[in-house]
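Report on the following structure.
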Amino acid sequence: MLYLGIDSSTQGVKCLAIEPATGKIVGESAVNFGRDLPQYDSPNGYLPSEDPLLRHANPLMWLDGLELALKRLSAEIPMAEVEGISGSGQQHGSVYLIAHSWPILPGTSLANYMEGYLSRDTSPIWMDHSTSDECHELERMFGKQMVLRTGSPAIERFTGPQIRRFQKMQPCTYAVTETIHLVSSFLCSALIGKDAPIDYGDGAGMNLLDLQTMQWAPDIAEATAPELLTKLPAIVPSNTIAGHLTPYFERFGLRPGIPVVTWSGDNPSSLIGTGAFLPGVTGISLGTSDTIFTPMSQFRTDPEGCGHIFGNPAGGFMSLLCFTNGSLAREHVRDELGVDWHYFDETACEETVPGNDGRLMLPWFSAENTPAVHQPGVRRNYTEATPAQEIRAILESQALAMRLHSSWMGKPRVIRLTGGASRAKGFRQILADVFQADVETISVTNSAGLGAAMRAAATVENIPLVELANAFCGAERVAVPNPQFAALYEESLQKYQALETSER
Ligand code: XUL
C-alpha cells in the first residue's frame with residue numbers, strides 16, 4: 001500500500017511516494033517550471049514583471065506541472081498500488097474561476113480544459129507585494145482584531161488583501177468569479193473533479209479564517225470584498241477526505257476512486273514532513289522562501305507583526321516566519337561571483353571566520369516579508385570583501401535575521417533543516433552557531449511532499465502521525481553548536497539589528 005504526496009511549490013512540482021508497511025520512500029519525481037515547461041515563460045516559476053511588487057504565475061502551468069510530475073513518477077513506481085493521495089501548495093496564491101465544472105472523463109489535458117474557466121488569467125503568488133493600500137484599509141477597519149482573530153495582521157501576500165485589490169481593480173471580473181481557490185485547493189479539485197475544501201493550515205494564510213472559531217470570519221470576508229463568503233470553498237480540518245480520484249488520472253496508472261485527502265500549504269505540510277510537529281523541534285525550510293516554524297501549544301501572536309499563526313495539520317497551531325529572499329538571493333550572489341555550488345556551500349565557509357570580521361549584508365533582491373521591506377535593494381555594511389567573505393555575509397545575515405525575528409517563538413533546542421539548501425555544510429554550521437542549537441536533517445529534502453504523503457496515510461489508513469514520523473523522519477545530526485562562538489554571534493545579532501533598522 002503506497003501513499004502519494006504532491007508538492008506544488010514556486011519553482012516546480014514534486015511527487016513522493018511512501019510505503020508505511022516498510023517505512024520506505026519508494027519513488028520521487030520532479031518538474032521544474034522554468035526548464036520543463038518553458039512555454040510558460042516563467043524561469044523562476046512566476047511571470048516576468050517590470051513592477052517589482054507584482055508577482056503573478058499562470059495557474060495552467062501548475063496543472064501541466066502536476067500532470068508531468070505524475071507521468072514521471074509512473075515510470076518509477078507501480079501507480080496502481082497507491083491507496084491515497086494528498087498534497088501541498090505554495091501558500092497564499094489564488095486562482096479565480098467562473099462558473100465551472102472539473103474534468104472527470106478523459107480529455108486532452110487539465111490545462112486545456114480549465115483554460116476556459118479562469119476569470120483571471122494569472123494568479124498572484126506569495127511573492128506579490130502590491131497590496132499595501134488594501135492592507136492599510138483592512139487594518140483601519142479591524143485594527144488589532146485582524147491579528148487576534150486571523151493570526152496575522154493584514155499582509156500583502158495574504159489572499160484576502162489580494163482579493164480586495166482584484167475586486168477594486170476589476171469589479172466586473174470579480175463579480176463573475178464564482179470560486180476563489182488557493183493553489184492547494186485548486187490542484188486538489190483537479191484530482192477529485194469537484195471543488196475541494198481548504199484546510200486550516202493553508203486557510204490561515206488568507207486573513208479570512210477566524211482561528212478562534214475555525215470558520216471563515218463573515219465580517220472580515222464581507223469587508224474584504226462583496227459576496228466573498230459565497231466564493232470561498234469550505235474550510236475543514238486537514239485530515240478530511242476531500243473526495244475521490246477521477247478517472248482522468250487512470251492515464252498515469254492510478255486507480256480511480258482512491259481517496260484524496262485535503263491539501264495543505266507547503267509550510268504546514270513541511271511541519272509534518274520534518275517531524276517538527278513533535279514538541280521541542282523547530283523546522284527551518286531553505287527553499288525559494290526561507291521559513292522557520294514550530295508547533296504552538298498556546299495561541300500567541302508576534303508582537304513585531306511579521307510572524308503568523310497557521311493551523312497545524314497534526315492539531316492545534318503552528319507559528320511561522322517567512323523570508324522572501326531565500327534561495328533566489330543565494331543563487332544571485334553565487335551567479336554574481338561566478339563560483340560553483342561546492343564553493344558556495346562549503347569552501348567559502350572554510351576560507352572565512354565566524355563573525356566574518358563584522359561583514360553583514362541585507363540580501364533584499366526582492367521585496368522582503370521579514371522585516372516588511374517594499375523597496376528591494378541589497379545593503380552591505382562593508383565596501384571590500386573577498387568572494388568567500390561575500391558568501392559568508394549573506395549566509396550569516398540570513399541566519400541572524402531568522403534568529404532575530406523568531407525570538408517570540410522561543411529558543412529552538414533542535415533545528416530540523418529541510419529544502420534544497422539544507423545540504424549546504426557551511427550554512428548548517430552557521431545556523432548551529434547562530435542559534436546555539438543542534439542542527440539535524442532528514443533523508444529527503446522534499447519535506448512538504450513527505451508531509452503530504454504522511455497525511456494521506458494517516459487519514460486513509462488511520463496510522464498515527466507520530467508512528468509515521470518515527471518511520472520516515474529519522475533525523476541525522478549534521479551540526480553541533482560551538483559554544484566558543486555564542487558571544488560573538490550575540491554581538492553580530494546587535495550589529496545585524498542595527499543595520500536593519502538604520503537602513504530602513
Ligand atoms: C509562507 C510563504 C512562503 C510560501 C512559499 O507564508 O509565503 O513560504 O508558502 O511557497
Side-chain angles (χ1 to χ4, degrees), residues 6-14 33 42 44-46 55-57 62 65 87-94 123-129 131 135 150-162 182-187 198-209 263-274 276 283-294 301-302 305-313 317-329 366-372 398 401-402 405-406 409 418-421 445-449 451-452:
I6 304 169
D7 176 46
S8 179
S9 68
T10 317
Q11 301 194 59
V13 179
K14 287 185 180 154
F33 296 135
S42 303
N44 291 314
Y46 50 83
R55 286 280 182 275
H56 282 217
W62 301 331
S88 61
Q90 54 171 307
Q91 296 199 252
H92 319 297
S94 41
S123 291
I125 64 162
W126 65 275
M127 298 172 95
D128 191 284
H129 283 79
T131 63
C135 288
T150 71
S152 303
I155 298 280
E156 279 75 3
R157 68 188 190 283
F158 276 41
T159 325
Q162 290 288 344
L182 291 181
V183 179
S184 58
S185 60
F186 176 64
L187 294 174
I198 290 177
D199 87 310
Y200 296 161
D202 217 11
M206 300 174 80
N207 279 141
L208 292 170
L209 177 64
W263 285 36
S264 189
D266 51 2
N267 292 296
S269 215
S270 274
L271 182 83
I272 304 299
T274 48
I284 292 186
S285 168
L286 302 172
T288 309
S289 63
D290 289 342
T291 57
I292 174 163
F293 45 82
T294 184
T301 55
D302 177 8
C306 295
H308 316 295
I309 308 297
F310 296 153
N312 173 349
F317 299 100
M318 64 182 282
S319 53
L320 176 125
L321 273 173
C322 170
F323 299 82
T324 320
N325 288 284
S327 67
L328 292 179
S366 341
E368 178 52 61
N369 287 326
T370 314
Q398 286 181 324
M402 285 188 224
H405 295 287
S406 67
M409 296 181 182
T418 182
T445 51
N446 176 14
S447 59

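Read the numbers this way: they start at 1 and go in the same order the structure lists the ligands and their atoms.
In terms of heavy atoms, Gln398 sits closest to Gly326 at NE2-O, 3.7 Å. Minimum heavy-atom separation, Met127 to Tyr46: SD-CE2, 3.6 Å. Among all heavy-atom pairs drawn from Phe310 and Gly205, the shortest one is CE2-CA, 3.8 Å. Closest heavy-atom contact between Phe293 and Ala276: CE1-CB, 4.3 Å.
Considering backbone and side-chain N/O atoms, Ser289 comes within less than 3.5 Å of an N/O atom of ligand 1. Note: no N/O pair closer than 3.5 Å links His308 and ligand 1 by distance alone. By the 3.5 Å distance cut-off applied to N or O atoms, Thr291 is not counted among the residues near ligand 1. At a 3.5 angstrom cut-off on N or O pairs, Arg157 counts as close to ligand 1.
Contacts of Thr288 with ligand 1, taken as heavy-atom pairs under 4.0 Å, are absent altogether.
A donor-acceptor pair shorter than 3.5 Å cannot be found between the side chains of Asp202 and Ser264.
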### Task
Evaluate the criterion side chain to side chain contact (heavy atoms under 4.5 Å, CB included) for residue pair Cys322 and Gln91; output intermediate values, then yes/no.
CA-CA 11 Å; Cys322 170; Gln91 296 199 252; over 6 Å; no
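Within ligand 1, counting atoms from 1 as listed, the ones closer than 4.0 Å to a heavy atom of Gln90 are 10 (O).
Distances shorter than 4.0 angstrom occur between a heavy atom of Leu320 and an atom of ligand 1.
In this structure, Trp62 and Phe186 have perpendicular ring planes: the angle between them is above 60°, well past the 30° mark.
Among Ile125, Ile155, Asp266, the residue whose heavy atom lies closest to atom 9 (O) of ligand 1 is Asp266.
Nearest non-hydrogen protein atom to atom 2 (C) of ligand 1 is Cys322 SG, 3.4 Å.
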